[in-house]
Q: 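Sharing a structure below in structure tokens format, with a few things to ask.
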Amino acid sequence: MATITAKTKITRSAETKLKIIVVGAGLGGVGAAIALLLAGHDVDIFEAASEIGEVGAGIQILPNSSRVLQAWGMKEALERYSTKPAQVNMLGWKGNLISSMDFEASAAQYPGTFYWDFHRANLHKCLLDRAVELGVQIKVNARVANVEIVEAGESATVVLESGERHTADLVVGADGINSRLREIMLGQPDPPQLTGDLAYRLLLSTKEMLKDPDLAEFVTNPQVNYWLGPDAHAVNYVLRGGELFNMVLLVPDDMPMGANTLKGDVDEMRALYHDWDPRIPKLLELCESVYKWRLCIRQGMDCWTHPSGAFTLLGDAVHATLPYLASGAGMALEDAAVLGELFSRSQNPRSSVEKQRLLTLYEQCRKPRTEMVVQRGNQQQWFYHLHDGPEQRERDRAMQAMDPGEAL
Ligand code: FAD
């Protein structure tokens with residue numbers, strides 16, 4: 001199998017080196033820092049939280065984003081924490097197998113790529129370690145309140161809530177779905193859009209599962225399973241080579257207005273799945289406590305970049321999607337890779353005209369793809385949640401006929 005060559009850091013003179021501030025140390029922000037550091041620039045990250053880390057549980061990294069991570073020189077570090085599932089199974093809500101895709105065979109169509117499942121904390125830490133190795137400076141407890149464009153776009157000043165001011169040649173807003181920087185860019189309040197769904201996210205220890213022959217197979221034969229049912233679906237896969245079991249339940253949103261994350265009621269959650277494939281109620285019996293996340297999206301924007309060329313956006317801040325294609329972080333990492341590639345090629349990136357040109361290209365490369373992913377995420381909501389009947393049977397037939405390569 002072909003390997004992907006890791007990039008080496010470009011050495012630049014002071015005249016061609018940019019000072020870049022990335023706002024937000026999520027997967028997208030740290031990814032952007034790595035890509036821009038490899039391009040030879042200086043990067044600082046400003047993060048609002050007091051500690052850097054990832055909440056949540058598992059994350060699937062599909063072949064497209066595994067290529068990006070390998071090109072950033074992270075294959076070895078990541079393989080220590082990754083689980084490579086053998087296949088993805090699509091099941092009906094009663095447990096009937098609809099279709100199965102062999103990950104190894106499909107990844108072989110794209111040499112050097114992988115399907116990887118991670119605990120988010122491990123993926124995030126590996127990214128952070130790589131960024132630190134490349135020379136990033138990170139400031140925590142640094143909530144950005146405003147961005148001011150200086151002198152016809154030659155630079156931008158980030159104003160922290162504390163009043164501190166920091167000026168850079170380029171500011172990248174990777175501040176997530178509730179992005180403040182997006183509002184600054186648009187000049188108006190712009191709340192995320194509700195989708196009508198929420199996610200229960202569970203992490204189970206696999207010790208108890210191994211005692212039950214019905215559940216042990218999930219651990220001993222790593223696979224990704226999707227159960228599709230009326231108005232809801234469920235996804236699961238193992239993490240850390242079988243140490244933990246990740247489960248996400250996607251159901252209609254019943255959260256009060258204004259809440260984004262709440263402690264969930266385990267009995268209420270179990271009741272929603274009591275008549276599904278009997279293995280699901282069994283798994284839910286092993287769960288002691290759970291949180292639920294409201295699922296919102298961002299439909300994209302006419303323009304991601306300030307016309308000055310000193311400020312752009314990246315990741316969920318621009319194109320947060322329903323997680324039904326397991327691609328939100330993948331899109332943020334791809335954004336970062338494209339941004340880094342463009343800023344690695346320019347010999348004159350300090351000129352505001354050149355920055356404008358590069359950011360326009362960045363937006364042109366990323367907009368159609370990320371808008372398509374948000375739109376397809378919305379379609380999957382309908383597709384996955386069909387009630388039993390002619391449309392559901394047609395869906396199942398279409399899934400059986402699908403070329404595995406289409407899923408990439
Ligand atoms: P975030 O991770 O939200 O990071 C934003 C950062 O900015 C945060 O650290 C925040 O504290 C900081 N910040 C915010 N405001 C400010 C400010 N004003 N100043 C300074 N800092 C600020 N994607 C996949 O690719 N595969 C999957 O399997 C997958 N599964 C998912 C399952 C669920 C249930 C959900 C909800 C999402 C899933 N995703 C998945 C999507 C993925 O989690 C997100 O797309 C990704 O984490 C977004 O990264 P980000 O860096 O853009 O934003």
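Indexing begins at 1, ligand by ligand and atom by atom, following the structure's order. This is a predicted model, so every value here is computed, not measured.
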Q: Just do the side chain to side chain donor-acceptor pair (under 3.5 Å) check on Thr157 and Glu148 with the steps written out, would you?
A: CA-CA 5 Å; Thr157 298; Glu148 296 169 1; 5.3 Å; no

Q: Quick one about Asp197 and Tyr324 (side-chain donor to acceptor, distance below 3.5 Å, no hydrogens or angles considered), yes or no?
A: yes

Q: Starting from atom 13 (N) of ligand 1, what is the nearest protein heavy atom, named by residue and atom, and what distance separates them?
A: Asp175 CB, 4.0 Å

Q: May I ask you to identify the nearest protein heavy atom to atom 38 (C) of ligand 1, giving residue, atom name and distance to one decimal place in Å?
A: Arg120 NH2, 3.3 Å

Q: Look at atom 36 (C) of ligand 1 and say which protein heavy atom is nearest, naming residue and atom and giving the distance to 0.1 Å.
A: Leu295 CD2, 3.8 Å

Q: Among Ala174, Ala32, Gly29, which one has a heavy atom closest to atom 6 (C) of ligand 1?
A: Ala174

Q: Out of Ala49, Gly377, Gly173, Pro323, whose heavy atom is nearest to atom 32 (C) of ligand 1?
A: Pro323

Q: Among all protein heavy atoms in this structure, tell me which lies nearest to atom 7 (O) of ligand 1, with the distance rounded to 0.1 Å.
A: Gly24 CA, 3.3 Å

Q: Regarding ligand 1, does Arg201 bring an N or O atom to under 3.5 Å of one of the ligand's N or O atoms?
A: no

Q: Enter the distance from His319:NE2 to Glu371:CD here, rounded to the nearest 0.5 Å.
A: 9.5 Å

Q: Considering only protein heavy atoms, which is closest to atom 22 (C) of ligand 1, and at what distance to one decimal place?
A: Ala48 CB, 3.7 Å

Q: Can you tell which part of Ser179 has a heavy atom less than 4.0 Å from ligand 1: side chain, backbone, both or neither?
A: neither

Q: So which protein heavy atom does atom 1 (P) of ligand 1 come closest to, and at what separation?
A: Gly176 CA, 4.1 Å

Q: Between Ser100 and Asn89, do the side chains contain an N or O donor and an N or O acceptor separated by less than 3.5 Å?
A: yes

Q: So, Trp93 and Asp388: side-chain donor and acceptor under 3.5 Å apart, yes or no?
A: yes

Q: Between Glu47 and Lys139, does at least one N-O distance fall below 4.0 Å, as a salt bridge requires?
A: no

Q: If you count every heavy atom of other residues, nucleotides or ligands that lies below 6.0 Å from Asp267 atom CG, does the total exceed 12?
A: yes

Q: Nearest to atom 49 (O) of ligand 1, what protein heavy atom do you find, and at what distance?
A: Gly28 N, 4.0 Å

Q: Applying a 4.0 Å heavy-atom criterion (strictly less than), which segment of Phe46 is in contact with ligand 1: side chain, backbone, both, or neither?
A: backbone

Q: Are Phe103 and Tyr115, when compared by the centres of their aromatic rings, separated by less than 6.0 Å?
A: yes

Q: Does ligand 1 have an atom that lies less than 4.0 angstrom from a heavy atom of Ala142?
A: yes

Q: Please check whether Tyr237 reaches ligand 1 - meaning an N/O of the residue sits under 3.5 Å from an N/O of the ligand, judged on distance alone.
A: no

Q: Are Arg298 and Asp316 close enough for a salt bridge, meaning some N to O gap below 4.0 Å?
A: no

Q: Distance to 0.1 Å, residue and atom name: give those for the protein heavy atom nearest to atom 17 (C) of ligand 1.
A: Val144 N, 3.7 Å

